[in-house]
Every structure is written in C-alpha cells, then in structure tokens.
Amino acid sequence: MFVLLASEKTGRASLAVAGLVFRKAGAAGTIAVYLFAQPRRRGAIDRMTIQQLLSLRVQAALAAAGAPDTPAVVQASSKPEFGDFQANGVMGAAKALKTNPRALAQSVVEHLDLTDIADKVEIAGPGFINIHLAPAFLAARLQAALDDAALGIRKPAAQKVMVEYSSPNLAKEMHVGHLRSTIIGDAIARVLAFVGHDVTRCNHVGDWGTQFGMLVAYLVETRQSGDAELELADLENFYRKAKVRFDEDPVFADTARQYVVRLQGGDAEVLALWKQFVAVSMEHCQAVYDKLGVGLTLDSVRGESAYNDDLPVVVSDLRAAGLLVEDQGAQVVFLDEFRNPEGDAQAMIIQKKDGGYLYATTDLAAVRYRHRALDLKRVIYVVDARQSLHFQQLFTLSKKAGFAPTDMQLEHVAFGTMMGDDGKPFKTRSGGTVKLVELIDEAIERAYALVSEKNPALAEDTRRSIAAAVGVGAVKYADLSKNRTSDYIFNWDTMLAFEGNTAPYLQYAYTRVQSVFRKVGDFDASAAVVIDAAAEKQLALHLAQFDEVIESVASSCQPHQLCAYLFTLAQQFSRFYEACPILSAEGATRASRLQLAALTARTLRTGLDLLGIAVLDEM
RNA sequence: GUGCCCGUAGCUCAACUGGAUAGAGCAACGGCCUUCUAAGCCGUAGGUUACAGGUUCGAUUCCUGUCGGGUGCGCCA
C-alpha cells in the first residue's frame, strides 16, 4: 500500500512541489511518503493541515471551473452523513458568476483532484461539496504524527512573541482576580511556544505607585518592633494594617508621603526598603505560580518601575511629535479615532497636573521598549475585558507616535469576570476577596476527598499527588474551557465532576489508555495503522485534526477550542474503546489499535500539557 | 447620557467567524458490567437562538431599532 500526499506551497494555488521525504513507517511494509514544502528550519515539520490541503485543491478546482480567487470555505463536516470535510465556497462563487450553483459544483468536482486523499466526493443541497477521506490517507497522516515528537504539528517561521499575563499588584497578595489572566496567559504562551515561536513571558507587575510609600513606612515600623517577618507573611493583612495606620495617624501618613517622594527621588535607603518589600511579595507570587504549575519565574518579571526613567522621555517625545497638549493643567493626547457623538475627541491623560505619571504612560514606554529593545513582532496582553478602551487607545497612540511599527501585532486578549453561583463576582461568604493561594488549596483539598472516596485503596502520598493534579487541573480547565470573553460561573461541583467536560474526565480518559499499555506486554511500536471499523475512522479523523486546532488556538488565543477538541477526543476514544477490543484483537488489527491508543494518549497528554494540566498514569 | 461586551435547552456552555435538520455536558427518563478501569458506553426527551424589522440562495453569526444584564467613560491601575 502506497500513500501519496502532495504538498503544495502554502498560500498559493499552484502545485509546486519543493521536496520529498521518505520515511519507513511500518513493520508491515507500509511506507508513508509525504512531500514537504520548503523546510525553513532544520527538523521543523512544515506540513499543511488537512483543511489547508483541501482548501488549496478545491480552490484550484474552482479556478479551473471558471471561478478564480474564490475562497473554498472548507471545514469539518457538520454531520457524519455529510462526509468528513465540506467545501462551501461554490454557492458564493455561483452567485458572483450568476450561474447555477449545482452546475458549478458539478464542474468543480470534475476538476477536483483528490486522488489518494478522498474515497468519495459528492454534491449535496444547493451546492455543498462533501468529501469523504480515504482511510489510507488518514492512516498516513496518523503515521506521520506518530513518527514526530511534536505530533506532526506544522512549525511556521518563528516569530518573536510576548505574552504579558498575571501582572499582579505587589502591594497586595494575589487574589482570584488574577487567576484568569494567569491561567489563560500561560496556556497561550505554551501553545505559541509549541508551534515554534520565540515566546517571552512577561509579568508586568505593579511595583510602583503611591501605596508603596505607605507600605515602606509600615515596614519601618514593624521592623522597629521586631514583627516584620511575621507581618510580611500575610501581605493582605500587612496592607490593611498599613492603610489603617495611614488613615488614623497623620504623622504616619506624613511619613508615608515623604517616603513616596524619597522613593521617586531615588533615595538609597528607601529604595532598599522598597526592594525588600517587593522581593517578599514576589516570593508570595512565585509560591502561587509553582503551586499552579504556571511557567512564570523571576526572569519573567519586568515591573512598572522598570520604565520610570523613560516616562519623561515618553512625554517629551509625544510633545515633539505634536500629539501632546496641555488641558486643565494635565498633559493630554486627544485621539481623533475615539470621538463621542458631539464630535469631541477622547482624551488620554499622559501626565497629571501634579507631574505624576499614569499607567498609560508606563504602558506606552513598555510598548516602545518591546519594539526597540526586544524587537517583538507580536505582543499579547492577557488582561481583564474592562480595560479594553485603555488598550485600544494605547495601541492607537503607540502606532501614531511611532513607538510601534504599524505591522506590529498588539493584541488585547480580554477575558470576563469570574462569578460565583449567584452570578455576582466571586467572593467569600462574608463578601471578602478570595486569596488565590487559598482557592488553590481548597481545590486540592476537595480533590483529595474525592479521590480518597473513589479509590481508598491507593497509598496516602499517591492520593495526595493525584489530588494536586486533579484539583489544579479542574480549576484551570473550568476556566480555559469557556470562551474567555464572557464572564463565567465558578462552581466547585461541576469543575470537579468526573463526568462531563471537565479536567478529571480527561485525566481519567488518559489513565484508561495507559492501563491498556500496562497490560499489553510486547508490541510493535512501529506497526502500521489500518483503519477499518467506524469507531476507528471517527477516532482517526479526530486525531488527524489536532494540528488544525493548535494552529487556530495560536492565532485566535482561544484555548477553549483546544478543550473542546480534547473532550471530543476523549469521547471518541471511549467509543472506540467500547466498540473495538484492543488486547483481545489479533495480528495487524491489534497492532494498529495499539497505535491508535498510543497516539490518543500522546495527543491527550500533549494537549493537556499545553493547557498546563498534568496527566496521571492511574487515578 | 455615551462607548464596548453579552442575551442560545431547566442549569453550565459550544456552534471553526455567513452554511445543511442550532450541538455537547450536567440534571431527568430508559438500556448495557463473569470480557483492556461502568470515573464508561448506547438511547429518549428538552429550542420562536431576548423581541421586531432589514440585507441574501442561506442569519445564532452582519445592519437598524426596542427590552434586559454586565462593564468602561480626564488626572487610580
């Protein structure tokens, strides 16, 4: 059996073939032959997704049928009876050409060359083209994925990308408000790195501002009384007490204000105290990141204070560019792009009338730094949706002022608020702010109770480590599996359920696959994939679409697409597992099913890892 | 007042950015375990996609308006 996959140059409708790679893929004698477009980097797989491949073919057929430059609109079929993929571009083309869509579809199909890719191509409805993939073609795709450490993921030209996320204010302890940015940002960073980009993770922490004067003043007090260590252990409390002192004692408040001035003036003594406080606060954050399994470290940190020296320069440069005007004593930029119904341009304050700077100033300086010093091509800001106006203004002004080139991708990846069961922002029973570390601990504790109940036979420390993976995974997955732009309801019971679209279900699905391999004994890890039964075909089809999902997540920054994919994969595997015995099968069938199971396991593990969720061999 | 986001099954959410009969999961009901983990699988039921218009071969998706919710809107971040 020979399987030939043509590889066309991406973005062109031509059939230019740039290279040939042969790979011996199976002991049974199957050789998967697939062609690559020009390899840009050594070892990088540059292969199209099935959707891209079909799009080019259909597009070429459309051109041949008299409809050039027409999008093929290829997508996975909405129902199994409509084949595996459908091309919907004919209807639109027929309208533009004022011809009968069915007739055009007929002509397109006649010009459509899907030899070795499709079994059957049919026209349905007003002009849909339904494509049924050939099992051997699917098998070859899976074989390629099995042979590749990155599961056949296409590696585009690496782009210098920054993901800015988490970014807590160091004056206080991290709370639930930081959870979404931290989780979503980390998943995005992982996915971008996985597809081969040069990713910088940036933790743009709030380490500057007037409240630090107050905190330093209180730090001096607690040190004098010898309580500093103890007090700093609970930053939330520390802040609260400092605030009380500030509000109640005018002498203390005065000292605090002096510290702000000294801090801004670069006074060495106060600076040292500030650094000490910042370091302690960062330790708290790092403990949370470690517990969450988030890839932020001290190296990722570049706080607001890093831009202090550049802020006056930003102001003078904006003035020199003729963008800055004084208004009511403040230095302001009026942006024509943002006007109210009366026609007034919206103001963006760059410098307060007292000379102080604002976060808009810092963000402008950061954009410029990221372009000039880091040469980033894309910066992703994973920040609460409520700041969308700020980012629109920031991006607009950055480009207008030449701080960022017009082709630099500046993206606000916004997300909604985390709500409680009552549909209101998530709080403690008494209405207080929920500390992030306490939320994580509770998740682990709840998972431990569940695991102990379901599987009491396991050793204590095994249950503890399962609980950590399940608890943290559940919290992350509950967040990541929903469209980030809307608010979402946080509910312990639904996220920790072992049935339904949850992390525990996916982790369990993984252990089911692993249990097969625990019992298998010897097997051929390079056996040929042969697709026969319906459940095998459905599973294979889904496995072959992993690259599509990953690419989509990398461009849209929507991790919920990956979650949906993994959930469907787990379901497809369960159906396959139910319908197709693996270990009791024989010969080539058994070997092939083991390959399907192996690829499922790797895909689940890789996908969950990209979401920052750990897998387990047993639960 | 105005900008942005949202309104989909009882509940929590999808719908690949304009495609076919709007899909999953919970919850409900009915089946399947001496056979690789039943934490599973199969099936039934559940909808005027807030409402009213418009655009077109085709609308949950785009446009206009109404109602309802969230959130932002010059010296906080």
Side-chain angles (χ1 to χ4, degrees), chain A residues 51 73 75-79 81-82 86 88-89 91-92 94-95 101 124-128 130 167 169 171 206 208-211 304 327-332 338-342 346-354 356-360 362-363 384-390 392 414 416-417 419 423 425 450-451 454-455 478 481-483 485-489 491 493-495 497-502 504-505 507-509 511-520 545 548-549 552 556 558 560-561 563-565 567-568 570-571 574-575 577-579 581-585 593 597 618-619:
Chain A
Q51 187 183 23
V73 197
Q75 59 186 225
S77 294
S78 51
K79 290 179 195 298
E81 57 263 39
F82 298 150
Q86 57 182 76
N88 308 331
M91 278 93 75
K95 199 205 159 206
F128 294 100
N130 292 337
S167 306
N169 187 334
W208 203 249
T210 49
Q211 70 272 55
E304 292 175 343
D327 194 88
Q328 297 171 41
Q331 302 302 315
V332 174
F338 304 89
R339 287 181 180 278
N340 65 19
E342 284 79 50
Q346 189 139 20
M348 190 174 179
I349 298 178
I350 306 299
Q351 189 174 23
K352 299 193 283 183
K353 63 182 170 193
D354 69 359
Y357 302 100
L358 296 109
Y359 78 130
T362 313
D363 275 342
D384 192 300
R386 284 172 290 197
Q387 294 193 35
S388 67
L389 179 60
H390 163 69
Q392 283 180 49
T417 309
M419 304 293 199
L450 275 173
V451 171
K454 299 250 187 200
N455 208 343
S481 60
K482 277 130 198 146
N483 186 339
T485 52
S486 46
D487 296 343
Y488 94 95
I489 296 181
N491 181 287
D493 295 330
T494 52
M495 77 175 67
F498 285 81
E499 50 280 317
N501 189 6
T502 65
Y505 171 84
Q507 289 167 317
Y508 173 67
T511 66
R512 290 185 98 186
V513 192
Q514 289 307 92
S515 78
V516 173
F517 287 98
R518 269 202 299 277
K519 302 199 170 168
V520 68
Q545 292 176 77
E548 279 170 29
V549 176
S552 177
S556 71
Q558 295 192 313
H560 81 276
Q561 295 173 347
C563 294
Y565 172 86
F567 179 60
T568 305
Q571 281 185 316
S574 287
R575 284 172 194 157
Y577 185 85
E578 203 73 31
I582 301 170
L583 297 179
S584 58
R593 287 180 180 172
E618 62 172 350
M619 284 173 73

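In this text the structure is predicted, and so the values were computed from the model without any measurement. Every chain is numbered from 1 and lettered A, B, ... according to where its sequence line falls, protein lines coming before strand lines.
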Partner nucleotide, any strand, of [N] [Watson-Crick/G-U, under 3.5 Å]:
N	answer
B/U48	none
B/G53	B/C63
B/A15	none
B/G40	B/C32
B/G3	B/U71
B/G10	B/C26

I'd like the [atom1] distance from [M] over to [N], given in whole Å.
N	M	atom1	answer
B/U61	B/U8	C1'	12 Å
B/G10	B/C76	P	48 Å
B/G23	B/A14	C1'	7 Å
B/U21	B/C26	P	27 Å
B/A27	B/C42	P	16 Å

Rounded interatomic separation in angstrom, taking [atom1] from [X] and [atom2] from [N]:
X	N	atom1	atom2	result
A/Asn483	B/G23	CG	P	20 Å
A/Lys482	B/A14	NZ	P	8 Å
A/His560	B/U12	NE2	C1'	14 Å
A/Gln346	B/G72	CD	C1'	10 Å
A/Arg386	B/A77	CZ	P	17 Å
A/Glu304	B/C76	CD	C1'	11 Å
A/Tyr488	B/C13	OH	P	10 Å
A/Asn491	B/G25	CG	P	19 Å

Q.
By the rule that syn is within 90° of 0, classify the base conformation of B/U37 as syn or anti.
A.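 Chi for B/U37 falls in the anti range.
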
**Q.** Anti versus syn assignment for B/C32, with syn defined as within 90° of 0
**A.**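 Nucleotide B/C32 adopts anti.
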
Scan [X] against the nucleic acid and name what it touches under 4.0 Å (heavy atoms): base, sugar-phosphate only, or nothing.
X	answer
A/Glu618	base
A/Gln392	nothing
A/Lys519	sugar-phosphate
A/Gly356	nothing

Q | Sub-4.5 Å side-chain heavy-atom contact between A/Met619 and A/Val451 | A |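 A side-chain contact under 4.5 Å is absent here.
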
On the side chain of [X], is there an atom forming a donor-acceptor pair with the base of [N] - under 3.5 Å, no angle test?
X	N	value
A/Tyr359	B/A77	yes
A/Asn130	B/A20	yes
A/Asn88	B/G18	no

Q.
Under the criterion of centre distance below 5.5 Å and interplanar angle below 30°, is A/Tyr577 classified as stacked on the base of B/G40?
A.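 Per 5.5 Å and 30° rule: no stacking.
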
Q) Are the ring of A/Phe128 and the six-membered base ring of B/A20 within the stacking cut-offs of under 5.5 Å and under 30°? A)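 A stacking contact exists, since A/Phe128 sits close and nearly parallel to the base ring of B/A20.
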
Q.
Let me confirm one number: the CD-OH distance from A/Glu304 to A/Tyr359, rounded to the nearest 0.5 Å.
A.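 If we round to the nearest 0.5 Å, A/Glu304:CD and A/Tyr359:OH are 10.5 Å apart.
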
Q | Nearest listed nucleotide, side chain of A/Glu578, among B/G19, B/G40, B/A39 | A |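 Nearest to the side-chain atoms of A/Glu578, counting from C-beta on, is B/G40.
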
